[in-house]
Protein chains: 2
Amino acid sequence: MKYQQQAIEKLKEYDVHPSIQRVMILDYLLSCNVHPTVDDIYSALLKDTPTLSRATVYNTVNKLVEVGLVRQLKDIDKKEARYDACLETHGHFKCVKCGKIFDFKVCDKLILDKKLEGFTVNTKTVYFQGVCPECNKVNS
Amino acid sequence: MKYQQQAIEKLKEYDVHPSIQRVMILDYLLSCNVHPTVDDIYSALLKDTPTLSRATVYNTVNKLVEVGLVRQLKDIDKKEARYDACLETHGHFKCVKCGKIFDFKVCDKLILDKKLEGFTVNTKTVYFQGVCPECNKVNS
DNA sequence: AACCTCTTTGGAAAGATTCTAACTTTAGAA
DNA sequence: TTCTAAAGTTAGAATCTTTCCAAAGAGGTT
C-alpha cells in the first residue's frame with residue numbers, strides 16, 4: 001500500500017468516493033508498472049481481501065477510466081484489457097517475442113495533423129509492436 | 001463488390017487463397033471506411049450469402065490480420081474489435097459524443113523517441129479520443 | 001474419378017464482461 | 001446516536017464475443 005495516501009487524494013480530486021476497494025485498486029495500479037489485466041488485479045488483491053468480487057474490480061476500473069484517472073489499453077493484449085494509471089502522454093511498445101511492455105515518451109505536439117483542427121483531443125494512445133533489443137540480440 | 005478484383009489480387013499477393021468468402025470480406029473492408037466489427041461484416045454479407053458462418057468471418061479477419069492485409073483495432077470499441085483494410089500508417093480519432101471515427105495522418109518519423117533505438121517497430125497504432133468539430137458546435 | 005489439402009460450416013464451449021437483486025456501508029439530517 | 005436515502009459491494013446468473021472442433025465442401029492434381 002505504498003501509494004495509498006496518493007490514491008485517496010486522487011480519488012477525492014476526481015470526485016470519486018474513496019472506498020476501501022477503490023483505494024486498494026488504484027493503489028495497486030499506481031504501484032505496478034506492468035499494466036495489469038482485471039484478473040491480475042483481482043488475483044493480487046484477493047490475498048489480502050478474500051471477500052473481493054470480480055465485479056467490483058470491473059466496476060472500479062470502469063469508473064476510474066470514466067473519470068480519467070486510468071487508461072484502458074485493449075490492443076496490447078489479444079483478449080483481456082489492461083489498465084495503466086500513468087496519466088502522462090506516453091506510448092507503449094510490446095515485444096512480440098518476449099511479450100514485455102515498454103513505455104516510451106511521445107512528443108505529442110508532433111503527431112498533430114492539420115486535419116485535426118477543430119477537434120478536442122482528450123486521450124492519446126500510441127502503441128507500437130515489434131521486437132525489443134534483447135530479443136533482437138538473441139536471434140541474430 | 002466494387003473492390004472485388006483488387007481484393008483477389010491482394011489476396012494472391014499475400015499468398016492467401018482467394019476463396020469466395022475471403023474475397024467478399026476483404027472487398028467489404030476495402031469498400032467501407034467505417035472500420036466495421038465482425039458482426040457488422042457478418043450482418044452485411046449475410047443478406048447476399050445466407051449460408052455464411054460467423055466462424056468464417058472470424059477465421060478470415062484473423063487470417064487477414066496475420067498476413068498483414070488488415071489491421072485490428074481494439075481500443076476503439078469497448079467490447080468488439082474493429083477492422084481496417086487501409087495499410088498506410090494513420091491515426092484514428094473517435095468522437096466520444098457521436099461515436100464517429102475519423103482517420104488522420106501521422107507523420108510517423110516524428111513519433112520516435114531516442115529510447116526506442118535498437119527496437120524493431122513493426123506496427124504503429126495511434127488512437128485519439130475526444131470531441132469532433134460537429135459535436136463541438138452543437139454544445140457551444 | 002480418386003485423392004489430397006485447404007476452407008467453410010454450425011454448434012458447442014470457453015472466456016471476458018455486465019447485469020441483477022440482495023446486502024452493506026456511508027454521509028448527513030434529525 | 002439513530003434514521004434514511006444514496007452509493008457501493010457482492011455472488012452468481014446472464015450475455016456477449018471469440019475460438020474450437022469435427023464433419024462436410026471446394027479446388028486442384030495425378
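Chain identifiers are assigned alphabetically (A, B, ...) following the order of the sequence lines, protein sequences preceding nucleic acid strands; residue numbering begins at 1 within each chain.
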Trainee: Which whole-number value in Å describes the distance from B:I41 CD1 to C:dT8 P?
Mentor: 14 Å
Trainee: Give the B/S/- string for nucleotides 7-25 of chain D, one per nucleotide from 5' to 3', where a protein heavy atom under 4.0 Å of the base yields B, of only the sugar-phosphate yields S, and otherwise -.
Mentor: -SSBB----SSBBB-----
Trainee: Please tabulate, for side-chain N and O atoms in residues 45-53 of chain B, each donor-acceptor pair with protein atoms closer than 3.5 Å (sequence neighbours left out).
Mentor:
residue, atom, partner, partner atom, Å
B:S53, OG, B:A55, N, 3.1

Trainee: Run the side chain to side chain donor-acceptor pair (under 3.5 Å) test against B:D39 and tell me which residues pass, sequence neighbours left out.
Mentor: B:R54
Trainee: Compute the angle between the rotation axes at the two ends of the helix from C:dA1-D:dT30 to C:dA30-D:dT1, each taken over five pairs, rounded to 10 degrees.
Mentor: 10°
Trainee: Could you tell me how far apart A:L11 (CG) and C:dT26 (C1') are, to the nearest whole angstrom?
Mentor: 15 Å
Trainee: Would you please name every residue forming a side chain to side chain donor-acceptor pair (under 3.5 Å) with A:S43, sequence neighbours left out?
Mentor: none
Trainee: Take the protein atom CD1 of B:I25 and the nucleotide atom C1' of C:dT9, then report the distance between them rounded to whole Å.
Mentor: 13 Å
Trainee: Going by the ring pair (Phe, Tyr, Trp, His ring centres under 6.0 Å) test, which pairs reach into residues 13-41 of chain B, not counting sequence neighbours?
Mentor: B:H35-B:H92
Trainee: What is the distance, rounded to the nearest whole Å, between atom NZ of B:K12 and atom P of C:dC6?
Mentor: 18 Å
Trainee: Nearest 0.5 angstrom please: B:T56 OG1 to B:I41 CD1, how far?
Mentor: 12.0 Å
Trainee: Do the rings of A:F93 and B:F119 sit parallel, tilted or perpendicular, given the 30° and 60° boundaries?
Mentor: perpendicular
Trainee: Which heavy-atom pair separates B:D84 from B:H90 by the least distance, and what is that distance?
Mentor: OD2-NE2, 2.9 Å
Trainee: Taking A:Y58's backbone N and O only, do any of them form a donor-acceptor pair with A:N62's side chain (distance below 3.5 Å, no angle check)?
Mentor: yes
